[in-house]
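Just below is one structure, and these are the notes that go with it.
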2 protein chains.
Amino acid sequence: MIDTKKKILDSAQRLIGSQGYAATSVRHIISEAGVNLAAIHYHFGSKEDLLAAIIARKADLVNKERMTLLDRLESEAGAGPLSVKKVLEAWFLPMAEAADGDPGFVLLMGRLMSEGMLQTIVEKHFREPAERITGALRRSLPELPDEEFRWRMHFMFGAMAFTMCGRSEFTGIGGDTRDFGGRIDRLITFLIAGFHAPVSSAGRKEGKR
Amino acid sequence: MIDTKKKILDSAQRLIGSQGYAATSVRHIISEAGVNLAAIHYHFGSKEDLLAAIIARKADLVNKERMTLLDRLESEAGAGPLSVKKVLEAWFLPMAEAADGDPGFVLLMGRLMSEGMLQTIVEKHFREPAERITGALRRSLPELPDEEFRWRMHFMFGAMAFTMCGRSEFTGIGGDTRDFGGRIDRLITFLIAGFHAPVSSAGRKEGKR
DNA sequence: GTCTATACTGAGATAGAC
DNA sequence: GTCTATCTCAGTATAGAC
């Protein structure tokens with residue numbers, strides 16, 4: 001049956017999202033999905049490729065929406081300046097919309113960004129949109145030295161990863177993805193201020209090189 | 001010999017720091033350390049306990065220094081306000097000092113925070129200092145609504161995790177921990193601005209509850 | 001007290017029958 | 001397309017040598 005694939009995808013997304021990739025065995029996935037062990041390898045090739053398939057079925061939609069919003073933003077701005085806020089919204093709001101219909105997906109994405117063992121998959125689906133938003137933000141913040149800007153992007157991705165999956169060790173904030181829109185609102189507010197911070201002293205040294 | 005333990009700890013820190021916990025097998029560790037497979041279980045009990053031992057030998061020093069700095073800060077401030085900048089420095093500078101003498105340690109810590117599969121270990125060593133800094137920052141930012149403040153702490157930990165281990169997928173920033181002091185300087189600048197950002201609209205709704 | 005050799009269990013992956 | 005049997009390698013446990 002063709003919905004063997006779908007059953008595997010759904011079970012895997014739920015289990016990996018809630019327990020993590022390493023902690024979820026393919027045997028657990030197949031027993032929840034009610035399919036045979038070899039079905040995963042027949043339909044997807046490997047555990048890692050299964051993960052890639054879960055991402056693929058949603059990520060491309062989210063990224064397409066991101067691109068559309070960025071396109072509109074840039075054409076509206078013409079040669080003028082881009083607003084940091086608008087650029088960040090173009091990046092984060094499509095993810096928040098995806099979370100509305102499918103909370104498990106955002107949880108999973110956050111875990112993957114955090115666990116970081118899946119660079120290949122993440123790079124494949126997110127390199128292009130990540131470069132787009134990096135370029136747009138760079139244009140919004142022309143006065144920042146290069147390294148300073150790159151580090152602020154890095155901080156943003158770190159905060160984003162934790163926001164998506166929730167990590168309760170320190171703050172008691174867990175993996176409940178209800179009201180994902182609210183978190184995104186808080187995150188964007190935080191990031192706008194961070195990006196507009198004065199250049200650090202390490203950044204000022206950099207400028208003098 | 002007693003330095004069987006040390007050889008294992010050193011090899012494990014290096015390998016897990018550069019490849020991640022799941023990707024590093026105990027057989028790889030023992031072959032690099034030149035010891036027998038069972039030595040890990042004799043000296044440490046399990047792979048996870050080995051990791052706990054690596055953290056224990058450094059983390060307590062770092063945390064003690066953090067506590068000392070926070071103590072001094074609070075006694076100097078008396079009943080007056082605490083500076084966000086000073087509190088963040090008390091948190092981050094001891095880690096930067098540790099990185100000076102032992103770059104592998106910071107890399108490992110960043111990976112662990114990111115991978116997040118080791119809640120027990122992280123909680124054991126960092127719950128108390130994390131609560132201290134949370135309290136101190138809360139006192140510096142009395143005007144923020146509770147949830148807003150908690151989320152900003154969360155963003156901070158996310159940015160911190162990525163800063164320590166470097167995640168090259170998006171920004172090209174890798175695991176090279178030279179000039180860790182410089183990163184910390186940039187991070188603190190970014191965070192100060194983020195913490196001082198105006199309350200988000202989600203936060204304003206929260207206040208009205 | 002330390003270390004070695006080896007066996008056990010469960011993981012992901014694969015070949016081949018149907 | 002699906003299932004069974006099997007392979008390899010992981011972490012773990014233990015018996016016994018020094």
Side-chain angles (χ1 to χ4, degrees), chain A residues 1-57 108 111-112 114-122 124, chain B residues 1-57 108 111-112 114-122 124:
Chain A
M1 282 206 225
I2 190 168
D3 67 15
T4 295
K5 273 184 89 157
K6 185 167 161 22
K7 281 193 281 188
I8 294 174
L9 286 167
D10 291 341
S11 298
Q13 173 171 303
R14 215 183 53 70
L15 290 171
I16 297 176
S18 66
Q19 307 174 342
Y21 177 79
T24 305
S25 69
V26 299
R27 283 168 171 88
H28 190 174
I29 295 169
I30 58 121
S31 94
E32 202 194 78
V35 303
N36 184 273
L37 174 59
I40 285 189
H41 300 97
Y42 175 75
H43 286 287
F44 301 99
S46 70
K47 186 184 178 186
E48 198 165 320
D49 289 334
L50 163 59
L51 188 54
I54 297 172
I55 296 174
R57 73 172 171 170
L108 178 68
R111 278 206 177 271
L112 296 194
S114 292
E115 294 189 1
M117 48 194 291
L118 303 148
Q119 296 200 8
T120 338
I121 301 171
V122 174
K124 180 177 166 198
Chain B
M1 281 205 225
I2 189 166
D3 67 14
T4 295
K5 271 185 91 158
K6 185 167 163 18
K7 281 193 280 187
I8 294 174
L9 287 167
D10 291 341
S11 298
Q13 174 171 301
R14 215 183 54 71
L15 290 171
I16 298 176
S18 65
Q19 307 174 341
Y21 177 79
T24 304
S25 70
V26 299
R27 283 170 172 84
H28 191 172
I29 295 169
I30 57 119
S31 93
E32 202 194 78
V35 303
N36 184 273
L37 175 60
I40 285 189
H41 301 96
Y42 175 73
H43 285 287
F44 302 99
S46 71
K47 185 183 178 185
E48 198 165 319
D49 290 334
L50 162 59
L51 188 54
I54 298 172
I55 296 174
R57 74 173 169 169
L108 178 69
R111 279 213 175 265
L112 296 194
S114 291
E115 295 189 359
M117 49 195 290
L118 303 149
Q119 295 199 8
T120 338
I121 301 172
V122 174
K124 181 177 167 198

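Side-chain atoms are counted along with the backbone in the values below, which use heavy atoms only and exclude waters and symmetry mates. Keep in mind that this is a model prediction, so the values were computed, not measured. Residue numbers begin at 1 in each chain, while the letters A, B, ... track the order of the sequences.
Atom CD1 in B/Ile40 sits about 15 Å away from atom C1' in C/dT2, given to the nearest Å. One atom, CD1 of B/Ile8, and another, C1' of C/dC3, lie 11 Å apart when rounded to the nearest Å. Here C/dG12 presents its P atom at 15 Å from CZ of A/Phe44, a figure rounded to the nearest Å. What separates CD1 of B/Ile30 from P of C/dT4 is a distance of 10 Å, to the nearest Å. For the pair B/Leu37 CG and C/dC8 C1', the computed distance is 13 Å after rounding to whole Å. Spacing between atom CG of A/Leu50 and atom P of C/dG12 amounts to 11 Å, rounded to whole angstrom units. One can place CD1 of A/Ile29 at 12 Å from P of C/dA11, the figure rounded to the nearest angstrom. The nearest whole Å value for the distance from the CG atom in A/Asp3 to the P atom in D/dG1 is 12 Å.
Proximity of B/Glu48 to B/Ile121: side-chain heavy atoms (C-beta onward) are separated by under 4.5 Å at one or more points. Considering only heavy atoms from C-beta on, A/Asn36 stays 4.5 Å or farther from A/Thr4 through its side chain. For the pair B/Leu50/B/Ile29, a side-chain contact is recorded, criterion being any heavy-atom separation below 4.5 Å from C-beta on. The shortest side-chain heavy-atom distance between A/Lys47 and A/Ile40 does not fall under the 4.5 Å cut-off.
Distances shorter than 4.0 Å separate some side-chain N or O of A/Thr4 from OP1 or OP2 on D/dT2. Between C/dC3 and B/Tyr42, no contact under 4.0 Å exists linking OP1 or OP2 to a side-chain N or O. The side chain of B/His41 contributes no N or O atom lying less than 4.0 Å from OP1 or OP2 of D/dA13. Residue A/His28 places no side-chain N or O under 4.0 Å from the OP1 or OP2 atom of C/dA11.
Note on A/Lys6 versus A/Asp10: salt bridge recorded, some NZ/NE/NH1/NH2 to OD/OE distance being below 4.0 Å.
Put simply, the side chain of A/Arg27 and the base of C/dG10 share no donor and acceptor less than 3.5 Å apart.
Of all nucleotides listed (D/dT14, C/dA13, D/dT2), D/dT14 comes nearest to the side chain of B/Ala38. The nucleotide whose nearest atom lies closest to any side-chain atom of B/Asn36 is, among C/dA13, C/dT4, C/dC3, C/dT4. For B/Val26, the listed nucleotide lying nearest its side chain is D/dT12; candidates were C/dA5, D/dT4, D/dT12.
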